[in-house]
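Just so it is clear, the values below take in all heavy atoms, side chains as well, and ignore hydrogens, waters and symmetry mates. These figures come from a predicted structure and were not determined experimentally. Per chain, numbering begins at 1; letters A, B, ... match sequence-line order.
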2 protein chains.
Amino acid sequence: MTGDDEPIMLGEIHMNEDDGRVERRDAAANRYKILQTAERLFAAHGVGNVNMADIAQAAGVGKGTLYRRFANKGELCLALLDTQMADFQNGMLARMQQMNIAGLPKLEQLQQFMDALVYFTDTHSPLLCEVQREGLLPLDNTRLQLPHFWQHMTVSALLRTAAAAGEISPELDTDYLADALLSPLKADFFQFQKTNRGFTLERISAGLRTLISGLRNADPES
Amino acid sequence: MTGDDEPIMLGEIHMNEDDGRVERRDAAANRYKILQTAERLFAAHGVGNVNMADIAQAAGVGKGTLYRRFANKGELCLALLDTQMADFQNGMLARMQQMNIAGLPKLEQLQQFMDALVYFTDTHSPLLCEVQREGLLPLDNTRLQLPHFWQHMTVSALLRTAAAAGEISPELDTDYLADALLSPLKADFFQFQKTNRGFTLERISAGLRTLISGLRNADPES
DNA sequence: CAGATAAGCGGACTAAAGTCCACTTGCAAA
DNA sequence: TTTGCAAGTGGACTTTAGTCCGCTTATCTG
């Protein structure tokens with residue numbers, strides 16, 4: 001992981017989002033150095049105790065270079081989470097296909113998804129907190145809300161299919177409920193529950209299962 | 001509200017938290033000036049566009065003086081919300097007594113509480129956002145989590161009495177559920193739902209009612 | 001291969017938050 | 001009224017996030 005020599009292994013090739021132009025080689029090398037360095041510093045001192053200037057210096061690049069790639073610490077953290085999020089998504093997709101084949105009720109699939117998400121959130125809460133903190137600011141946002149975005153897609157889709165399958169009332173506001181079920185897993189709130197309240201992962205999972213199971217008989221008109 | 005002359009009306013007398021000593025007269029006057037000024041600037045330019053230095057200058061005090069009273073913008077906002085929160089609490093207490101006398105089920109009381117809280121959150125979301133943002137930082141926190149604290153007290157108490165009254169299973173994790181039901185009303189998430197998702201207050205209230213009504217038949221063991 | 005050019009680079013610079021401390025002042029005891 | 005002093009004050013100072021812009025260099029075209 002640390003570099004005896006790291007000249008060639010540069011990870012994937014990145015495109016500029018707008019046009020399909022490939023990132024210049026020196027830029028890609030710097031991107032890689034930055035991510036490696038950030039990961040190392042975060043691990044050593046904690047995400048909260050490392051600032052952008054530290055990262056730039058330790059990576060041997062100027063602040064301007066760092067900020068060119070990552071507009072703020074949140075974006076950098078998001079980049080570090082990128083592969084892990086992809087893995088999680090792929091893993092869940094596979095599991096859900098299995099569960100579908102096995103004929104598991106949709107609500108039960110939802111519960112399992114939430115269980116997995118509790119674990120994922122716990123594992124990555126420091127990085128996720130940073131992502132979320134930046135996401136609050138009135139600017140840009142969109143990029144940083146990507147984690148919540150696909151989580152909402154998944155949960156609301158599961159709720160809709162559950163409604164279609166007659167497991168819950170078709171009148172339920174699936175878009176809202178997906179948001180509401182996910183909100184206790186926002187990184188800051190999750191960390192508050194673990195730290196201040198002393199809740200365990202099992203307790204949080206169980207609570208969410210309760211809320212989900214309640215939807216089975218929930219009345220949309222009151 | 002705006003000052004033609006404001007020399008004498010200084011609001012209540014404040015104590016130092018530790019000992020019971022009364023605040024010095026000049027200090028009290030400055031506290032008042034600061035709060036007035038902040039309220040005016042926030043109203044004129046928006047909470048997010050006003051910084052501590054602006055407030056200090058407009059109030060005619062040094063930054064040191066400002067920070068002595070209010071450790072950060074969040075604390076200042078909390079102070080501005082103080083009376084409004086007290087009013088809300090008193091109002092809810094009264095309404096809940098009425099509802100108790102009228103024999104309303106506890107879950108219905110909870111739904112009404114949440115309705116009122118949705119409205120309160122909406123009214124004060126800019127200030128609440130600021131309070132919450134500061135509350136995230138690893139430091140002190142406690143003070144700034146006060147709003148969530150009493151909301152949790154109220155909701156968990158209602159759930160417990162609902163359980164005692166047989167409206168919901170006595171096995172439910174009322175402490176967790178109170179947190180979970182309140183989390184979609186955290187100021188940042190609420191604002192996200194209004195701005196990005198375009199949810200109306202009615203839709204949010206209805207969604208929360210759905211979640212609460214689901215508890216009636218929720219299974220704590222799955 | 002040579003020249004053009006857009007992408008990349010880095011550090012000086014600005015802005016805002018928050019700290020510090022030498023000076024001032026209200027309060028109360030004598 | 002005088003006086004001791006804890007409380008209060010204000011602005012210079014430190015720190016950290018983030019911007020700007022002149023210089024460098026990879027890549028593309030001819």
**Prompt:** What's the CD-C1' distance between B:Glu75 and C:dG18, to the nearest Å?
**Reply:** 14 Å

**Request:** Residues of residues 61-70 of chain A with any non-hydrogen atom less than 4.0 angstrom from an atom of DNA chain D: list those, numerically ordered, please.
**Result:** A:Lys63, A:Gly64, A:Tyr67

**Message:** Just checking A:Gln57: does its CD atom have more than 12 heavy atoms from other residues, nucleotides or ligands closer to it than 6.0 angstrom?
**Reply:** no

**Asked** D:dG18 C1' sits how many Å from A:Leu76 CG, rounded?
**Response** 14 Å

**Request:** Would you kindly say whether A:Gln145 and B:Asn196 are connected by a side-chain donor-acceptor distance under 3.5 Å?
**Result:** yes

**Prompt:** Going by heavy atoms in the side chains, are B:Leu35 and B:Leu76 under 4.5 Å from each other?
**Reply:** yes

**Message:** Distance alone, cut at 3.5 Å: any donor-acceptor contact between the side chains of A:Ser156 and A:Arg160?
**Reply:** yes

**Request:** Measure across B:Gly46 and B:Val50 and return the closest heavy-atom pair with its distance rounded to 0.1 Å.
**Result:** O-CG2, 3.4 Å

**Polar side chain donor-acceptor pair, A:His45 to A:Asp54, under 3.5 angstrom** = no

**Message:** I need the full list of ring-ring contact (aromatic ring centres under 6.0 Å, His included) pairs touching residues 59-87 of chain B, with sequence neighbours left out, sorted by first then second residue.
**Reply:** none

**Message:** Could you measure the distance from the CZ atom of B:Phe120 to the CG atom of B:Leu128? Nearest 0.5 Å is fine.
**Reply:** 6.0 Å

**Request:** Strictly below 4.0 Å, heavy-atom distances to any atom of DNA chain C: list the hits from residues 42-57 of chain B, or just say none.
**Result:** B:Asn51, B:Met52

